[in-house]
Amino acid sequence: MSVDLLSDLTPIQREAVECTQGPLLVLAGAGSGKTRVITRRIAFLLQQGIRASNILAITFTNKASGEMRHRVETISPGNRVFVSTFHSLGARLLRQYADRLGIDKNFTIYDTDDRNKLVKQALEALNMDDVKFTPERIGGAISKAKNQLQTPKDFERTANDFLSQTVAKVYYGYEKRLRAANAMDFDDLLYLPALALRHNEELRAELDARFRYVLIDEYQDTNSAQYEIARRLSINYPNLCVVGDPDQNVYRWRGSDITNILNFERDFPGARVITLEQNFRSTQAVIAAANSLIAHNKLRKKKSLITENPGGEPVRILSFENGLDEAEGVVIRIKKTIEEKKHRYRDHAIFVRINALTRSLESAFIKHGVPFQIVKGLAFFERKENRDVLAYLRLIVNPADTVSFYRVVNEPTRGIGKTSLDRLTAYAESHEIGPMSAAGQVAKITDIKGKAATGLKDFARIITDLRASLELPPHEVIRLVLDKSGYRTMLKDSTDDDDADRLANIEELITAAKQFHDEDNNRTIGDFLEQIALASDVDNWDESADRVSVMTLHAAKGLEFPVVYMMATEQGLLPHERSLGKEEDMEEERRLCFVGITRAMKELYLCHSRVREFRGQFLYAVPSMFLDELPRDVERVDGMGNRNTARTAMEDWRTRTAAATLDRPKSPPIAMGSVSTDGEYVNGQVVQHDEYGIGQITDVSGYGALKRVKVRFPAAGEKTFVANKVKMKIVKRN
DNA sequence: GAGGGGCAAATTTTT
DNA sequence: TTTGCCCCTC
């Protein structure tokens with residue numbers, strides 16, 4: 001039997017599977033058979049007599065969890081191993097141990113949007129809403145603090161500038177509101193379990209003993225809170241196996257900390273380290289491109305991927321005239337290879353750096369009748385109508401959920417305006433109750449009368465009534481919500497054409513809820529809401545459909561495709577303009593590009609175009625510097641199939657831009673991400689200052705040595721500089 | 001209090 | 001280009 005599990009593995013992979021005791025770090029290069037190793041390892045543990053309930057496997061997405069669970073069950077039938085993402089695990093632990101942790105297990109999970117709304121409420125309550133920092137910014141800072149396990153008190157202690165001091169104040173109020181709303185933000189799902197494991201030794205020991213064997217995939221992308229969880233679960237039973245690749249760390253911006261993987265040996269004494277560097281996925285051409293690119297990262301331990309695969313097609317750089325040509329050119333190319341029966345649609349993936357780039361692709365696909373799917377799972381649930389319906393559901397499950405309350409209390413309109421809501425809020429705060437409870441006793445609120453009072457009373461009644469149906473299957477509850485809230489009538493009676501679509505979308509939501517329930521009859525609305533809240537973009541990706549997949553580079557992590565196209569490999573997009581000039585960010589952009597490249601099994605195309613439309617403006621685009629970091633033998637091709645050129649992408653661009661400039665003297669070219677050194681500052685330009693970062697010029701005055709430039713920075717506010725002396729790069733002309 | 005018009009700002013990446 | 005916010009009118 002053990003032969004079955006190990007016989008088709010390489011000796012080094014086999015070692016990673018068989019080394020079951022003690023801490024183990026598997027440095028797994030892209031395409032080195034990582035998933036296979038993890039799956040086999042779990043199966044091997046089971047075969048060694050380890051109970052399934054003693055194994056915990058953490059993956060990066062719910063989809064990956066599902067697949068791994070399925071694979072393990074295929075190899076070792078009847079074994080239900082706990083495979084989950086860190087966030088799902090956190091939610092599960094918080095609900096399971098709610099009593100011991102002193103929380104209500106019916107909490108709502110707040111997404112980033114909800115979080116920002118609550119931050120805004122906290123700001124308003126503190127009379128700080130005139131502060132110049134946006135709720136998004138403050139919310140982001142709070143999120144970062146939680147990722148680093150800083151409580152409001154910890155944070156306050158280290159707050160030494162105006163921004164952090166502001167954040168510290170809001171952090172307290174925000175936490176108070178979150179708890180009052182019986183809600184958890186994304187970060188809480190890691191932060192609270194991590195702190196519980198740190199401070200509650202009894203619980204920690206219990207969970208450590210329950211999860212004796214812990215496996216963590218994509219370990220390079222874990223943050224401090226996740227590290228804490230992993231560590232605390234591996235003290236009495238230090239059988240912690242982490243798998244990752246420092247070159248694929250692409251979530252630094254979200255708090256992931258590369259030192260988690262780099263310091264593993266130090267943090268877990270006696271750890272074994274196994275390095276998988278043979279790539280089984282890609283051709284030599286693709287691997288050469290990946291190695292050549294990533295070698296340009298300086299803050300990195302040198303390593304290379306090797307492969308015994310065939311050389312394969314050369315990697316190609318496709319140049320296009322504009323973004324529309326690019327989108328169409330790629331779609332046409334794909335269509336052609338299908339007609340030649342070389343590939344199927346599903347063999348193709350198109351990667352983009354930012355979601356906005358999927359639009360032109362969408363039209364091109366429709367125009368040419370090529371089946372495609374844009375892998376952005378949440379987009380559907382983020383539609384206003386669906387968010388509204390979900391808010392009703394959340395409120396039914398958890399009436400304390402203030403964000404949902406304010407979202408739907410007047411949707412459809414019930415004659416409740418801002419003034420009445422302000423009064424309701426004031427009443428609720430002074431009586432230390434939630435707005436939902438306050439609405440229930442609106443008769444006692446003397447300054448709310450007439451339509452508003454009736455509306456609030458009706459609303460309270462609707463929610464109370466609906467709560468009686470809490471136990472019904474999710475799709476039936478949604479139907480009741482639609483009928484009782486008046487939402488259906490509102491859309492039905494509307495004269496707006498779009499409202500018919502909205503109703504159709506809600507019907508689709510109902511179908512999704514029904515499917516969810518059909519898969520498992522025990523599932524409740526709460527489960528439905530949790531699944532939506534914790535879904536990642538790729539979770540809804542249908543990999544069996546014969547369609548071209550379009551997704552962001554981030555979503556592509558962990559996947560592979562025979563043919564890969566990367567769109568808009570241009571300065572300002574990849575690397576993204578927000579990373580320009582910041583070395584660590586630039587290296588992350590390069591890793592992102594590396595991730596994209598290493599998804600390709602057989603063919604890889606890197607596209608860029610000369611002109612890119614941006615916010616309704618046409619800008620000249622510089623080919624990505626990363627293209628010049630590829631091996632000499634990549635082919636440079638005119639994307640529309642006209643001619644080949646041996647020039648580098650950079651040279652190509654320079655020549656063409658020069659020509660274009662002559663063609664159109666009246667509209668000077670604007671180069672995204674290009675750098676001007678002539679110091680010709682103009683009002684409105686976006687500049688990068690060495691110390692203050694990105695800012696925008698608000699005023700230019702004087703001449704020569706007296707010339708002054710005033711720049712507004714998001715953090716530092718307005719500063720005035722001597723134009724001839726200040727060191728600033730012009731990031732974008734206007 | 002609702003709704004429409006006009007103007008400004010905005011676009012990384014995501015659990 | 002699109003979205004969201006503010007202000008004004010009914």
Side-chain angles (χ1 to χ4, degrees), chain A residues 58-65 84-91 109-115 134 136 140 143 146-147 184-191 218 221-223 225-226 249-256 323 351-360 375-379 382 384 410-422 448-455 496 530-539 551-557 568 572-580 585 588-589 591-593 595-596 612-618 672 684 686 694 696 714 732:
Chain A
I58 304 281
T59 59
F60 204 69
T61 63
N62 290 295
K63 187 177 179 65
S65 294
S84 145
T85 64
F86 263 115
H87 286 86
S88 297
L89 169 71
I109 297 173
Y110 275 4
D111 66 16
T112 311
D113 241 48
D114 302 319
R115 178 198 76 192
T134 60
E136 290 76 20
S143 166
K146 284 191 179 180
N147 282 164
M184 301 287 167
D185 63 23
F186 280 136
D187 307 306
D188 282 337
L189 301 179
L190 309 172
Y191 169 83
E218 305 284 5
D221 283 319
T222 50
N223 63 30
Q226 291 165 327
N249 166 35
V250 291
Y251 284 98
R252 214 177 64 96
W253 55 274
R254 203 175 80 181
S256 86
F351 300 152
V352 292
R353 173 69 239 264
I354 59 170
N355 283 305
L357 288 167
T358 58
R359 289 215 175 156
S360 50
V375 182
K376 189 151 193 334
L378 270 67
E382 278 165 4
K384 184 196 176 304
N410 200 33
E411 194 72 52
T413 55
R414 302 184 173 90
I416 307 161
K418 191 172 182 315
T419 318
S420 304
L421 283 180
D422 283 346
I448 302 181
K449 297 192 257 328
K451 243 190 338 183
T454 325
D496 187 340
E530 177 164 317
Q531 191 202 258
I532 293 171
L534 298 181
S536 62
D537 281 348
V538 287
D539 288 348
M551 64 187 83
T552 63
L553 284 163
H554 283 89
K557 199 176 67 155
L573 283 167
L574 183 69
H576 192 271
E577 61 178 331
R578 302 266 296 244
S579 310
L580 296 172
D585 291 353
E588 178 147 322
E589 295 290 309
R591 289 194 292 271
L592 201 49
C593 187
V595 166
R612 174 98 20 218
E613 192 182 350
F614 184 71
R615 277 191 213 163
Q617 268 192 90
F618 290 93
M672 284 176 80
V686 176
I694 299 276
Q696 187 170 32
K732 205 167 73 196

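A note on names: the letters A, B, ... follow the listed sequences, proteins ahead of strands, and every chain is numbered from 1.
Distance NZ (A/K146) to C1' (B/dT15): 14 Å, rounded to an integer number of Å. Separating the CD atom of A/Q617 from the P atom of B/dT11 is a distance of 17 Å, rounded to the nearest angstrom. Straight-line distance from the CE atom of A/M551 to the C1' atom of B/dT14: 15 Å, rounded to whole Å. Atoms CD (A/E136) and C1' (B/dA9) sit 12 Å apart, rounded to a whole Å. Counting to the nearest Å, the C1' atom of B/dT13 and the CG atom of A/L574 are 11 Å from each other. Rounded to an integer number of Å, the gap from A/I532 CD1 to B/dT15 P is 14 Å. In this entry the distance linking NE2 of A/H554 with C1' of B/dT12 reads 8 Å, nearest Å. A/I354 has its CD1 atom 15 Å from the C1' atom of B/dT14, to the nearest Å.
Judged purely by atom type and a 3.5 angstrom limit, A/N410 has no side-chain atom pairing as donor or acceptor with the backbone of A/G417. Between the side chain of A/N62 and the backbone N or O of A/L534, at least one donor-acceptor pair lies under 3.5 Å. Side-chain atoms of A/Q226 come within 3.5 Å of backbone N or O of A/N223 as a donor-acceptor pair. The backbone N or O of A/Y110 lies less than 3.5 Å from no partner atom in the side chain of A/D185, so there is not a single donor-acceptor pair.
Between A/F60 and A/Y251, the ring-plane angle classifies as tilted under the 30° and 60° cut-offs.
At the heavy-atom level, A/A535 lies under 4.0 Å from the strands shown only through sugar-phosphate atoms. Residue A/D187 is out of contact with every strand shown, counting any heavy-atom pair closer than 4.0 Å. Using a 4.0 Å heavy-atom distance criterion, A/T419 is classed as a sugar-phosphate-only contact. At the heavy-atom level, A/N410 lies under 4.0 Å from the strands shown only through sugar-phosphate atoms. Nucleic acid contact class of A/R359 (heavy atoms, under 4.0 Å, all strands): sugar-phosphate only. In this structure, A/N355 reaches the sugar-phosphate backbone alone: every heavy-atom distance under 4.0 Å involves primed, P, OP1 or OP2 atoms, never a base. Nucleic acid contact class of A/I416 (heavy atoms, under 4.0 Å, all strands): sugar-phosphate only.
Side-chain atoms of A/R615 and base atoms of C/dT1 include no donor and acceptor less than 3.5 Å apart.
Look at the P atom in both B/dT13 and C/dG4: the space between them is 15 Å, to the nearest Å.
Stacking of the aromatic ring of A/H576 onto the base of B/dT12 is found: the ring centres lie under 5.5 Å apart and the planes are inclined by under 30°. In this structure, the aromatic ring of A/Y251 is not positioned over the six-membered ring of the base of B/dT13 within 5.5 Å between centres and 30° between planes.
Under 4.0 Å is where a charged nitrogen must lie from a carboxylate oxygen, and between A/R359 and A/E613 no such pair does.
Place A/A555 and A/A452 on DNA chain B by their nearest nucleotides, and A/A452 ends up nearer the 5' end. Between A/T85 and A/T413, it is A/T413 whose nearest contact on DNA chain B lies nearer the 5' terminus.
Nearest nucleotide to the side chain of A/F186, out of B/dT15, B/dT14, C/dT1: B/dT15.
The phosphate of B/dT12 (OP1 or OP2) has a side-chain N or O of A/R578 nearer than 4.0 angstrom. One finds a side-chain N or O of A/S536 lying less than 4.0 angstrom from the OP1 or OP2 phosphate oxygen of B/dT15. Close to B/dT14, at under 4.0 Å from its OP1 or OP2, lies no side-chain N or O of A/T112.
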